[in-house]
Amino acid sequence: MVIAIGFEGSANKLGIGIIQDGVVLSNPRHTYITPPGEGFLPRDTAKHHREHALDILQAALQEAKITPEQIDVVCYTKGPGMGAPLISTAVVARTVAQLWKKPIVAVNHCIGHIEMGRLITGAVNPTVLYVSGGNTQVISYSEKRYRIFGETIDIAVGNCLDRFARVLKLSNDPSPGYNIEQLAKKGEKFLELPYAVKGMDVSFSGLLSFIEERAPVLIKKGEYTPADLCMSLQETIFAMLVEITERAMAHCCSQEVLIVGGVGCNKHLQDMMRKMAEERDAVLYATDERFCIDNGAMIAQAGLEMFKCGMTSPLDDTFCTQRYRTDEVLVKWRD
Amino acid sequence: MTDNNIADLNIPFPSKTEADIAYGTLSVDQEPKRGGVKRSLRVEDCILKVHFEAKEIRTLRVSVNSFMDYLLLVLQTIQKFGPPS
């Protein structure tokens, strides 16, 4: 029996989760929500994490009904992410690890998403589409690495959605992407947008500038409604993602596709991906907002696997790094 | 003679164990490279001693402020989830 606690705070979500041998005992989370039209800035986000970390930690222990002595390993997000929020979360992890005399595992955030997705869905060796506010990658496992087949060459898909939500002044509660998804259901008239797939990679910044520039005029003239634009944006960017995922699956002869990351709980993206998968006689694996969106349990799960392979870090190596690519990690726990 | 601006903090703890824990947590993160701030930490008995040096007083202030934010978080964490046995 191994119990791991995971600390996640790389973006605007602060999550602390406890996992015992693949069972989630608790996974509380608190999200920093900004007013409509505003994004979250590193300084304020870090302050949010510092203010909520101890209450969330308390909740995680209480819900799991365990005492600190029962914990075997403390896991935290090393990166990638925003510097100050990462450090604020790591500071709490380092301090409790010393207080409770536990080893520390430094976890790559992307690996956390992948391992959590595999645990929850039971997917064995899937082609992974990792889509969130800060990352957009198509990943496939080979020879002890999660290899990046394709990725965004500028902004992440979630960043594109978030920033368009700001143009429309949509609420950031529970998330801008969720509100775009709901509004898009009422969309009827399609606006053609730049479709930018470059080989295995995608680009969203030109598309965003295009729609940011035209949206206010098109809405004012009554040619398109905000719902029409949300629908058009979703259709275009999700089609791009499905295209590169399908190409990666064809390359790897993969019969499984797993969607992880915050944008991954978008039902419409899941529907489009499922359709593609079915046409290839493949299976789609996806999770809901509890595990798709950043959370502490995913860091605990990846950390637990690493801990079992002896991949702990001495205290003075438990720094954070804003850039930390998925393929930098040696995946010792998989064959 | 140096024209650097200097700030020294002496933070007393109830015991050396707690001072060591704070040192362990806070000495890990490096100052941002382009900030031009040099920071060093050490523990003497029950006191955590922090020394800051910077050319610009503005960057010195930013570093000290940010350090205080993290220090407060460490103290609160020890209070709520300690004290060490």
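In what follows, chains carry the letters A, B, and so on, assigned in the order in which the sequence lines appear, proteins first and then strands, with residues in each chain numbered from 1.
Taking 4.0 Å as the cut-off between side-chain N and carboxylate O, B:Lys16 and B:Asp20 count as a salt-bridged pair. Under a 4.0 Å N-O distance rule, the pair A:Arg325/A:Glu151 qualifies as a salt bridge.
Proximity to chain B is absent for every atom of A:Glu51, based on heavy atoms less than 4.5 angstrom apart. Both the backbone and the side chain of B:Thr77 come within less than 4.5 Å of a heavy atom of chain A. Neither the backbone nor the side chain of A:Ala46 comes within less than 4.5 Å of any heavy atom in chain B.
Here A:Ser88 contributes atom OG and A:Lys47 contributes atom NZ; the two are 11.5 Å apart, rounded to the nearest 0.5 Å. To the nearest 0.5 Å, the span separating CG on A:Asp327 from CD1 on A:Ile148 amounts to 4.0 Å.
The choice from B:Lys80, B:Gln30, B:Gln76 that makes the most heavy-atom pairs within less than 4.5 Å of chain A is B:Lys80.
Tested against A:His109 for a side-chain hydrogen bond (donor to acceptor under 3.5 Å, both in side chains), the candidates A:Asp294, A:Thr77, A:Asn135 yield a single pass: A:Asp294.
Judged by distance alone, the side chains of B:Thr59 and B:Glu56 never bring a donor and an acceptor atom under 3.5 Å apart. No hydrogens or angles considered: a donor-acceptor pair under 3.5 Å links the side chains of A:Glu115 and A:Tyr146.
No close placement of the A:His49 and A:His30 rings is indicated, their centers lying 6.0 Å or farther apart.
Proximity to chain A at a heavy-atom threshold of 4.5 Å picks out nothing from residues 38-46 of chain B.
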